[in-house]
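Notes to accompany the following structure.
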Number of protein chains: 2
Amino acid sequence: MKTEKISELTTNRLSVYLRCLNELAAAGVETISSQALAEQFNLNSAQIRKDLAYFGEFGVRGVGYYVNDLREHLRQILGLTRDHRIAIVGAGNLGLALANYQGFNLQTFQIVALLDSDPGKIGSPARTGLLIEDVQNLAEVIRREEISIVIIAVPAVAAESVLDEATAAGVKAVLNFAPVRLHPKPGVKVKNVDLTISLESLSYFLARPSATGVIVDYRDFLPTEDATENGQAQSAG
Amino acid sequence: MKTEKISELTTNRLSVYLRCLNELAAAGVETISSQALAEQFNLNSAQIRKDLAYFGEFGVRGVGYYVNDLREHLRQILGLTRDHRIAIVGAGNLGLALANYQGFNLQTFQIVALLDSDPGKIGSPARTGLLIEDVQNLAEVIRREEISIVIIAVPAVAAESVLDEATAAGVKAVLNFAPVRLHPKPGVKVKNVDLTISLESLSYFLARPSATGVIVDYRDFLPTEDATENGQAQSAG
DNA sequence: AATTGTGAATTCCTTCACAGCC
DNA sequence: GGCTGTGAAGGAATTCACAATT
């Protein structure tokens with residue numbers, strides 16, 4: 001286990017490895033080599049070994065990695081052995097879709113609060129049965145529900161003030177869907193999902209003559225990285 | 001205008017610059033220096049100048065960049081001067097939220113088709129008034145509606161076959177929300193939005209002692225980059 | 001005087017290649 | 001023999017720093 005700072009490119013890949021290990025475990029596979037794992041994503045086996053080596057020596061020379069063992073290590077490293085209680089701010093289409101989304105691990109990531117500013121929505125239950133609360137009570141909800149992650153799904157103009165209130169209430173991790181650059185806060189990690197940037201990236205590709213090219217790069221298997229937000233957090237307190 | 005290949009990090013930043021220029025134009029600002037623009041995102045002014053220099057010389061020494069002029073150049077570069085007709089596959093929570101989403105430029109990105117495999121949904125209109133069509137007719141819909149971008153919002157197991165059918169019908173650009181690594185196709189650009197990776201990245205941050213650190217890095221203003229999919233497309237035909 | 005455009009330096013990330021171990 | 005872990009090499013992205021230009 002080294003102490004140098006770990007790139008977010010590395011931790012994103014750890015998520016990918018974990019997902020793959022989950023599938024391998026479900027399929028009853030017991031060991032896997034970095035080479036075999038690498039082939040799943042068109043990536044370099046040394047990359048995988050390096051990524052893992054930041055955190056320990058999990059492999060066995062001549063054998064590879066024990067699937068269940070490595071899987072457990074990755075869950076530890078990624079902090080997935082404890083729950084994360086999530087509040088979604090914004091009960092519009094996107095917020096409600098996220099509240100109902102079945103895609104992420106419901107065991108680990110629990111959506112326990114849903115807030116909005118619209119009086120017509122406050123007090124009524126979403127499909128999940130979750131009561132929509134007043135965004136003005138965000139700080140109180142964060143404390144009451146022991147929220148560790150806030151998802152911002154409000155219009156761009158309202159996003160900054162939601163971040164202000166969430167961080168004032170002690171939240172350290174925010175997933176922002178509003179198409180806006182939020183001002184950085186000390187000690188707070190903000191990840192952005194910016195659909196406009198993603199679509200414009202596709203548009204750029206379509207506009208190029210080289211748009212007829214071939215994608216044969218392992219990098220084409222990860223989510224889209226910001227050009228101005230890699231979400232790197234520097235210690236300073 | 002250079003011919004070297006442009007990094008997706010660069011093109012993502014161009015989207016960010018454009019958004020900022022839109023705001024500046026709306027505010028009546030006429031010129032802006034790379035330094036002033038850089039301060040908006042905590043990024044380096046040389047970075048902005050380098051990014052722009054890949055495509056031409058848009059600035060005026062001693063003055064900076066004319067906001068409207070640069071804005072128009074960026075719209076051209078990003079291919080935003082023509083429409084993109086979009087089909088969303090999957091009329092679940094996420095697909096419907098995207099169909100109703102007001103966040104992106106509705107002028108440029110038009111959602112003109114919505115498909116699903118559920119017989120209970122096919123034939124009924126979504127809130128937008130768009131009729132939900134049978135995903136089995138995807139190829140036909142793509143041709144009829146002249147779709148250039150397909151958004152995949154189906155469960156992970158179904159995503160690969162949607163990509164197969166879309167690319168067989170000639171689609172070159174895909175935005176994938178399914179939490180799965182799709183197999184690369186020649187000449188097709190796939191951008192992934194992977195909420196699991198984003199949340200696990202936040203979880204990792206929260207699990208570290210250094211989670212008390214300060215984020216003061218310009219990179220914290222962009223969307224999340226894949227660890228295994230930067231969406232790079234190599235020309236090969 | 002101010003600001004761009006860009007070669008050089010730096011920093012960061014990936015890949016190679018091999019010693020070390022099972 | 002096969003595979004990991006890692007130092008060294010290579011490549012890519014960022015930042016510096018300054019000549020060129022208005």
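Computed over heavy atoms, backbone and side chain alike; hydrogens, waters and symmetry mates excluded.
Between V63(B) and T31(B), the closest heavy-atom pair is CG1-CG2, 4.1 Å. The shortest heavy-atom contact between L202(B) and K191(A) is CD2-CG, 3.5 Å.
As rounded to whole Å, 14 Å separates atom C1' of dG5(D) from atom CD of Q47(A). dT3(C) atom P lies 16 Å from atom CG of L70(B), rounded to whole Å. For I6(A) and dT11(C), the CD1 to C1' distance is 16 Å, given to the nearest whole Å. The distance from atom CD of E57(B) to atom C1' of dT22(D) is 13 Å, rounded to the nearest whole Å. Atom CD in E39(B) sits about 11 Å away from atom P in dT3(C), given to the nearest Å. One can place CZ of F41(A) at 15 Å from P of dT14(C), the figure rounded to the nearest angstrom. The nearest whole Å value for the distance from the CG atom in L37(A) to the P atom in dG5(D) is 13 Å. The CD atom of Q35(A) sits 9 Å away from the P atom of dT4(D) (whole-angstrom rounding).
Note that the CG atom of L21(B) and the CG atom of L37(B) stand 6.0 Å from one another [nearest 0.5 Å]. In this structure, the separation between CD on E30(B) and CG on D69(B) is 12.0 Å, given to the nearest 0.5 Å. Distance check, rounded to the nearest 0.5 Å: CD of Q35(A) to CZ of R49(A) gives 8.0 Å.
Closest approach to the S34(A) side chain among dC13(C), dT14(D), dT4(D) is made by dT4(D) (side chain taken as heavy atoms from C-beta onward).
For the pair L199(A)/T108(B), no side-chain contact is recorded, criterion being any heavy-atom separation below 4.5 Å from C-beta on. For the pair I111(A)/L98(A), no side-chain contact is recorded, criterion being any heavy-atom separation below 4.5 Å from C-beta on. Under the 4.5 Å side-chain criterion, counting only non-hydrogen atoms from C-beta, V174(A) is in contact with I152(A).
Relative orientation of the F109(A) and H84(A) rings is parallel, given thresholds of 30° and 60° on the angle between their planes.
Heavy atoms of S45(A) sit nowhere under 4.0 angstrom from any nucleic acid atom.
The phosphate of dG5(D) (OP1 or OP2) has a side-chain N or O of Y65(A) nearer than 4.0 angstrom. Put simply, S7(B) has a side-chain N or O that comes within less than 4.0 Å of OP1 or OP2 on dA13(D).
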Distances under 3.5 Å between nitrogen or oxygen atoms of protein and nucleotides 20-22 of chain C:
{"from": "dG20(C)", "atom 1": "N3", "to": "R61(A)", "atom 2": "NH1", "distance (Å)": "3.1"}
{"from": "dC22(C)", "atom 1": "O4'", "to": "R61(A)", "atom 2": "O", "distance (Å)": "3.3"}

Between protein and nucleic acid, restricted to nucleotides 16-18 of chain C and to nitrogen or oxygen atoms under 3.5 Å apart, what atom pairs and distances do you find?
{"from": "dC16(C)", "atom 1": "OP2", "to": "N44(A)", "atom 2": "ND2", "distance (Å)": "2.9"}
{"from": "dA17(C)", "atom 1": "N6", "to": "R49(A)", "atom 2": "NH2", "distance (Å)": "3.1"}

